[in-house]
Amino acid sequence: MASSNFIRDIIDEDLKTDKYKGRVHTRFPPEPNGYLHIGHAKSICLNFGIARDYKGLCNLRFDDTNPSKEEVEYVESIKEDVRWLGFDWDDREYYASDYFEQLYEYAVQLIKAGKAYVCELNASQIREYRGTLTEPGKNSPYRERSIRENLDLFERMRAGEFPDGSHVLRAKINMASPNLNMRDPVMYRILRAEHHRTGNTWCIYPMYDFTHCLSDSIEGITHSICTLEFENNRPLYDWFLDELNVYHPQQIEFARLNLSYTIMSKRLLLTLVKEGYVDGWNDPRMPTIGGIRRRGYTPESMRRFSERIGVAKRDSMVDIALLEYYIREDLNKHAPRVMGVLRPLKVIIENYPDGQVEEMDAINNPEDLSLGTRKVPFSKVIYIERDDFMEDPPRKFFRLAPGREVRLRYAYFITCTGVIKDENGEITELRCTYDPATRGGDAPDGRKVKSTLHWVSAEHSIPAEVRLYDRLFTVENPAAEEDFRSCLNPNSLEILSGCRLEPYMANVKPGERYQLERMGYFCVDTKDTTGDNLVLNRTVTLRDQWVKIQNKGE
RNA sequence: UGCCCUGUGGUCUAAUGGUAAGACGGCUGACUCUGGAUCAGUUUAUCGAGGUUCAAAUCCUUGCAGGGCAGCCA
């Protein structure tokens, strides 16, 4: 159960006063014109979470009132994303387009009540007549048409007698209202576009403002939760509902999610895809649900995150570190550990017998011993991480260096005895000796080493491609930049080939998540992994004291 | 500058007229066969000014700051 917030407070109060006869019914109402992102995840968790906690219902409803922008492809991906997040709408999959006929009847009803009229001003004229933020608008010359004439015209709009854009149906409210939404807003426009569900049945389509509030009413929604920018529209919704005298849900607005170092706008996200800055909508750097899924985030971590950030009315910017905290928390508990070397450095253990192979016991997850152990082969030639060796180590570097002894995880203590370089002075190979008495990783004489390294046996390891991701942007709020492209992080993706993994990884499946010990959490890529090319996406690094020490020194 | 909304540590959220709390981040330290995890400690906040009240983050007035609204988009 989530902690209290102002929305739950309102619901508690409504329950106490029996405003909706004990019912709690919410809905998640996306427009199928793009892919869902983390901001939507917040809304999904909010709406479905409330329904779950109050033993109510939450509908999935597609706000499909603009056929020129909407597609079935988006409908399918939205459903997949909501399901992935762990929520279920049973058979309550609705579409605003299901209500087109009913909506038309409502419009006719308003015309008959003298509360709506057909206007023949064009778009720019309507804008002119609307006035400005500080000056009132003026009435349309078509505002005082007779009811009979309006009825006739509206019917002929539907019948297709007029060209696109020539006529609109407007609510007759108040052109001098300080709230611009109330200055005779458009209810219907003529739009000859094939709708993904109704085909060519209609050539007039209702506007969002008219449709949304009435769809909520039709479905018996109790609490219509939406984002802040619709606050000024609420009086209009109230007007439609009251003039029509229909069931009246309570709209509650909350602040949408902003996450640091990324963008949430569909338009900007689309730009990234179209201009090729990312590898499609589900690029693991994208804040889309498809992107974070491919990156390796878990639904559980997303839900916990959504709960933790809470819900309020003030604009905020959530630190992306909080999101990373929740994925680490989840994966730490559940991801099996495995060893893999990202940037291999060959090590030859001089005193280890040629051709000998030992099977070392390794714990699959120290956080969950029930996951058991596995065998990891050890031999004379191994790889360690290049970053785990320094020829001239600074203070506080505890890893391998000439003459220094360290532990190989689950294996032996080794001591570095030699450094081999090529003609450019690049280190190509290390020579070490091992202490046979330290098998398994403990010294019988009780001596300690300062660090433990991961490794793989050269001969037994398998190759992999590993993709390391960093934040997509270099600034906290890219959307506030003059051109958000200018602050794209050029190092947001680093592709490593020639990585070596312990043989256990030979049988992994796309989508599975592992911790490569000391390197981070990784997810087997679902798109590019093939039989002979294993691709790992790094979901998130482990917290790392050493990089902090390094950064301080700089 | 018309209307609407919002101002609590670095960040996000609590406190519902009665001791400003938690999480993340940061910084210490302990422990450790992952420089992971874990544990302990620590740092920093009610936008300003008036008012109501025994008592104000909370209510009122006002100022300031931030956000939203002038699509036949949602």
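Just so it is clear, the model here is predicted, and its values are computed rather than measured. Within every chain, numbering begins at 1; the chains are lettered A, B, ... in the order of the sequence lines, protein sequences first and strands thereafter.
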### Query
Taking the six-membered ring of A/Tyr326, is the NZ or CZ of A/Arg308 close enough (under 6.0 Å from the centre) and on axis enough (within 45°)?
no
### Message
Tell me the interatomic distance from A/Asn5, atom CG, to B/A23, atom P, rounded to whole angstroms.
### Response
19 Å
### Task
Name the closest nucleotide to the A/Leu542 side chain, picking from B/G35, B/G36, B/G2.
B/G36
### Message
Roughly how many Å apart are B/U1 and B/G10, using the P atom of each and rounding to a whole number?
### Response
32 Å
### Query
Considering Watson-Crick and G-U wobble pairs with both distances under 3.5 Å, what does B/U19 pair with?
none
#### Entry: Distance between C1' atoms of B/A57 and B/U16 (Å, rounded)
12 Å
#### Entry: Short side-chain N/O contact from A/Arg130 to OP1 or OP2 of B/C72, under 4.0 Å
yes
### Task
Verify whether the ring centers belonging to A/Phe378 and A/Trp455 lie closer than 6.0 Å.
yes
### Query
Within a reach of under 6.0 Å around CZ of A/Arg256, are more than 12 heavy atoms found that belong to other residues, nucleotides or ligands?
no
### Query
Does the side chain of A/Gln515 come under 3.5 Å of the side chain of A/Glu517 through a donor N or O and an acceptor N or O?
no
### Message
Just checking A/Tyr325 against A/Phe305, ring centres under 6.0 Å apart?
### Response
no
### Task
Check whether any side-chain N or O of A/Lys448 sits under 4.0 Å from OP1 or OP2 of B/U32, and answer yes or no.
no
### Task
Would you classify B/G10 as syn or anti? Syn applies when the glycosidic angle is within 90° of 0.
anti
### Task
Please confirm whether any donor atom in the side chain of A/Glu324 sits under 3.5 Å from an acceptor in the base of B/G25, or the reverse.
no
#### Entry: Donor-acceptor pair present, A/Arg308 side chain and B/U13 base, under 3.5 Å
no
### Message
If you only use heavy atoms from C-beta on, which nucleotide in B/A70, B/C73, B/G25 is closest to the side chain of A/Met207?
### Response
B/C73
### Message
How many whole angstroms separate atom NZ of A/Lys396 from atom C1' of B/U28?
### Response
12 Å
### Query
Is there a side-chain polar atom (N or O) of A/Arg183 under 4.0 Å from OP1 or OP2 of B/A70?
no
### Task
Select from A/Lys69 and A/Asp544 the residue whose nearest nucleotide in RNA chain B is closer to the 5' end of that strand.
A/Asp544
### Summary
Note: for A/Glu70 and A/Thr438 on RNA chain B, the residue whose nearest nucleotide lies more 5' is A/Thr438
### Task
Provide, to the nearest angstrom, the distance between the NZ atom belonging to A/Lys450 and the P atom belonging to B/U34.
14 Å
### Message
At 4.0 Å (heavy atoms only), tell me whether A/Ser260 reaches a base, stays on the sugar-phosphate, or touches nothing.
### Response
nothing
### Task
Pick base, sugar-phosphate or nothing for A/Ala312, based on heavy-atom distances below 4.0 Å to the nucleic acid.
sugar-phosphate
### Query
Less than 3.5 Å between a donor and an acceptor, one on the side chain of A/Arg127 and one on the base of B/G71, is that the case here?
no
